Each structure stands twice: as structure tokens, then as C-alpha cells.
Amino acid sequence: MIDPKIIENNIYVLEESLKKRNIDISIIESIKKVSKDRREIIKNRETLLSKKNSLSKEFGERKRKGIDISDIEKEIIILNNELEKMDELAKNIELEYESIMLNIPNILSEDVPYGRSEEDNVEVKKWGQPRSFDFNPLPHWEIGKNLGILDIEVGTKLTGSRFYVLMGDGALLERALINFFLDFYSERGYKEVWPPYIVNSNTMTGTGQLPKFKDELFKIEGLDYYLIPTAEVPVTNIHSDQILSIDELPKYYCSFTACFRKEAGSYGKDTRGIMRVHQFSKVELVKIVEPSVSEEEHQKLLNDVEDALKKLGLPYRVILLCGGDTGFSASKCYDVEVWIPSENRYREISSVSNFRDFQARRAKIRYKKDGKNYLVHTLNGSGLAIGRTMIAIMENYQNKDGSITIPDALVPYMKGKKTIGG
RNA sequence: GGAGAGAUGGCCGAGUCCGGUUUAUGGCGGCGGUCUUGAAAACCGUUGAGGGUUAAUAGCCCUCCGGGGGUUCGAAUCCCUCUCUCUCCGCCA
């Protein structure tokens, strides 16, 4: 949620940010009106409540002393009638206000570039040289099938489209990557967390998935429970409704979970292979920091993710997302893209975002400094999506004979195996 | 799944039977001070959150005793309901 004060004092900041996101700014007028009406109603209602409190008090005192109360009784009845109407008004405006506020995207950082779509994103960094093959490189689904480590047909049989099964060394590679990343980041000061994969709607609202993106979530039938689309949701919300002490900050977390996404609206996209699936593994990094250092922490977070990719020897580039492509909750977002030989281009493998106080305000995560409470800043980044890392390894490290070379950093995690197949 | 008990401010914990000087007792912890070369101890003071008004982190006002609803002039206290926690039994990895 954005700071309500922006609507009162700096509405042009919101207007500019919405323009940058290519969102229709005609909603600004209704936002202003509802916000103003709401304050007016609150003011009036509190005046009535205050009157009622003093009358009730006098009522009690008179009764105790045996003084006549009939006039005061009449007054209270009239007041209560007014209040009943006012309560109704207040309730309605509060609902309207809330639904508007929960659907306003975050204010974009000043340095987010203007632009409509992913074409307008800005490349900020490139690392590694895409390998040139002396044979025709295969896509990962063919490599995986040939080696008997990836079975998409069985996944589809067990569940439906966009599900898959890993077998043998494929399953081992998945496990190796999870352990490699968790070790890598916990050595850098991120505390390992194992959270629930199912959370309630309050938790989903805290990080911004609800109410706006309910169509992208799997909901448990008959319950207020949802499958998490990323570990960001449970891990960030560990501190919801808390006031942390200043010396608890910053907090760094790393967490492996399965992630579940409906991928509604992506029909026809990435239909082959396991690039886009309904269930995938991911190690997520979450930071909770003081506002003054969040930009610096964002860069460090990006740097940590890059280092993991470097360690695996996978060529990548970093792009800064333009306004039109930056997610709802993010103020600023870098995507890290890894080289995919079969597509002859870079594909997203991590998203590293600074949410500033947007999630903190929704989830009520605060810290105390000099006796006063402030909202924290939250950040997160994938470190990394396991399925897509596996694709990148299979394709970039494939050999002419159909085998896959295991990157050195992973060999200890693969029971010492240096190749799969071959 | 069955039976019972409970949920109060950072923590512990009174108040609930019998509704109204409770602006929620008290202790611990935190902060400030006195004393001390310094510290501890002791003593004194202070110490919840959110919102409205405001230049204001000053005052004043409103709301909050697990969530929601009800009774009442008035609810932490009475009634209904939901959620969660604990104890015992059953079942189970």
C-alpha cells in the first residue's frame, strides 16, 4: 500500500508513477474524492462518539446520585439514531477506501526508466560468453528425455499440462541445486527458513498477491488457504504485525520452497519443456532493512544472485525493468536473465526487487528507533529458480554425445558425479 | 474426531461470577534520573498500538482487552459465533 499522505500532499507523485506504469490516471480523481470523504466521515463520527461518551458518563453519575435522567435519555436516543446512520456510512466508505488503496500499485523509484513493455527494459550488465557449439545444441526437453531424467508425459498424466517428473540424476540435480544455493547464501549471512507452502489470505494480502492477483493463485477449496507462488510470501510475513528493534535489522533470509502458479493468461507461451510450469522449486532471498539503506541493500542482493550464477559458470545479463514492466508491488526491479542456447537468447531466471515500504505498510512490519515507530523496507530476489537453472545447465553444459557436464561447484552435491550420461 | 480449560498492552499476570471514578491493577523488562570514581543494588520517575485534528514527534479527541456480531444509555466484564492455544482420550507419519 502506498502512503496515504501522498494522496493528501503529493498526489502528483502518484500521478507520475501511474503514468510511468502506463496505467490510466483517471482513477486519481476518485481516489482523491474517496480519501477526502472518508476523512470527513471519520471526523463527524468521532464528534458524535465523543458526545455519546460524555452523556453516558453523566447518565451513570446521575443514576448513582438518584437525579432525574429522562432528558439525557432522550438526547442519547437521538444521538444513537444519528450514530447508526453514521456507522453505516463509515463502514461503506472504509470498504471502498480499502479496496482502492489495496489496488494502487507501488510508487516507482525515480530511476526506473519510462517504457511500455519488456522491449523498453534497460540492460545494465552482461557477464560470460555464450558458448559456441560445434554441433546442433538440443533443447532441454530433448536432452532430458534422451537421458531419461525428465519425463513431461508422466507429469501430464499424473496431473495435467505444465507438470513434469524428474527421475534419477535429474531428481538428484534438483536436490543438488537446492542444497548448493542454500549453502551458498547461508554462508553469506542469510538465515535459512523452511516455511509453510500454504498460507491464509491475510498473509497473501501482506505481500501484495491479494486481492489483485487472486486469479494467479491456487486456492484450497472451502478454506481461506492458498498455495504460495513464492517463498517471499511466508518469509516476509514472518514479521507481519511486529515492531522490530533497530538492532535486529537488517534481516537476511534464504528459503527453499515449491512455488505454485496458475499461469493464467499465458496460454501458448513456453508450451514446450519446463520453462513455464505450475509447480517449481525456488530458493528465495528476503531482506528486511532500514529505509536509509534499502537502495544499497538492493544492489548487494543483486550482487549475491549474480555471484551464484558466476559460480555455476552460466552466462547472464541484468536488466532494469521499465515502468510498464515493473510488478505491482515493486518500486524498482532488476531481472537477471540466463543464456538459453536453444532459444538463442537470455531468459529470466531471477527477479530482484525493492518494495520499499509498500509491503511493510500492508503487513504492518515496523521498527523502533529513538522511541518512534517507522515502516521497514522489504526486498527480495530469486536465488534462483531451480527449474530454470536446471534448463540452463542442461543446455549450456550439453555435450555432443548427449551427456551433460556438471559444473564444478555442483560436483560435491552430485555425489561426486562429473557428468550425467556419457 | 471426543471431553474440558483458556486467549488482557514487549513478557508475566489481576480484573470477568455481581456491566459504570479502569483515563485496564501489579510485577518483570526497557528508558530517564538520584546515589557512585565507574558499575551493580536501592530509590524516584517514565514506558502499548492505530487513527482524526494540527506546523507539530505539543495538546485535544476517537478506536483497540483473539476476530466478527448482538444485548444495553453504557461491555475487557453478559449473549451468539468463528479462529487459535493448552490438558486428557482416540487415531496417526
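Letters A, B, ... are given to chains in the order of the sequence lines, protein chains preceding strands, and every chain is numbered from 1. Quick caveat, the model's predicted, so the values are computed rather than measured.
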Counting only heavy atoms not in [X] (residues, nucleotides, ligands), do more than 12 fall under 6.0 Å from its [atom1]?
X	atom1	result
A/K51	NZ	no
A/Q299	CD	yes
A/E61	CD	yes

Using side-chain contact (heavy atoms from CB on, under 4.5 Å) as the criterion, list what pairs up with [X], not counting sequence neighbours.
X	value
A/E343	A/M275, A/I340, A/R345, A/R347
A/S109	A/D111, A/V112, A/S331, A/K332, A/R356
A/K369	A/I246, A/E290, A/Y367, A/Y374

Pairs meeting criterion side chain to side chain donor-acceptor pair (under 3.5 Å) with involvement of residues 253-262 of chain A, two or more places apart: A/H239-A/Y253
Just grab all the side chain to side chain donor-acceptor pair (under 3.5 Å) pairs involving residues 81-91 of chain A, residues at least two apart or on different chains. A/R45-A/D87
Using a 4.0 Å heavy-atom cut-off to protein, can you give one letter per nucleotide of nucleotides 57-68 of chain B, 5' to 3': B if the base is in contact, S if only the sugar-phosphate is, - if neither? S---SBS-----
Its contact letters, B for base, S for sugar-phosphate only and - for none at protein heavy atoms under 4.0 Å, make nucleotides 17-23 of chain B read ---B---
Once side-chain hydrogen bond (donor to acceptor under 3.5 Å, both in side chains) is applied, do any residues pair with A/T419, and if so which ones, sequence neighbours excluded? none
If the condition is side-chain hydrogen bond (donor to acceptor under 3.5 Å, both in side chains), which residues does A/K417 pass it with, not counting sequence neighbours? A/D169
Under a 3.5 Å cutoff on both atom distances, Watson-Crick or G-U, what's the dot-bracket for RNA chain B ([ ] crossing, | other strand)? ((((((((.[[[..)....(.....]]]((((((.......))))))((((((.....)))))).[[[[[..)....]]]]])))))))....
Close N or O pairs between protein and nucleotides 28-32 of chain B (under 3.5 Å):
none

Quick one: label A/K368 by what it contacts on the DNA or RNA (base, sugar-phosphate, nothing), any heavy atom closer than 4.0 Å. sugar-phosphate
Separation of the [atom1] atoms in [N] and [M], to the nearest angstrom:
N	M	atom1	value
B/rA24	B/rG9	C1'	9 Å
B/rG4	B/rC62	C1'	40 Å
B/rA5	B/rC60	P	44 Å
B/rC80	B/rC18	P	14 Å
B/rG20	B/rU77	P	11 Å
B/rA14	B/rU8	P	11 Å

Got A/I386 and A/F181 here, is their nearest side-chain heavy-atom distance under 4.5 Å? yes
Taking atom C1' of B/rC73 as reference, at what distance in whole Å does atom CG of A/D71 sit? 12 Å
Between A/H377 and A/F358, ring centroids under 6.0 Å: no
Between A/L55 and A/I42, which residue's closest nucleotide on RNA chain B lies nearer the 5′ terminus? A/I42
Partners of A/R162 by salt bridge (Lys or Arg N to Asp or Glu O under 4.0 Å), sequence neighbours excluded? none
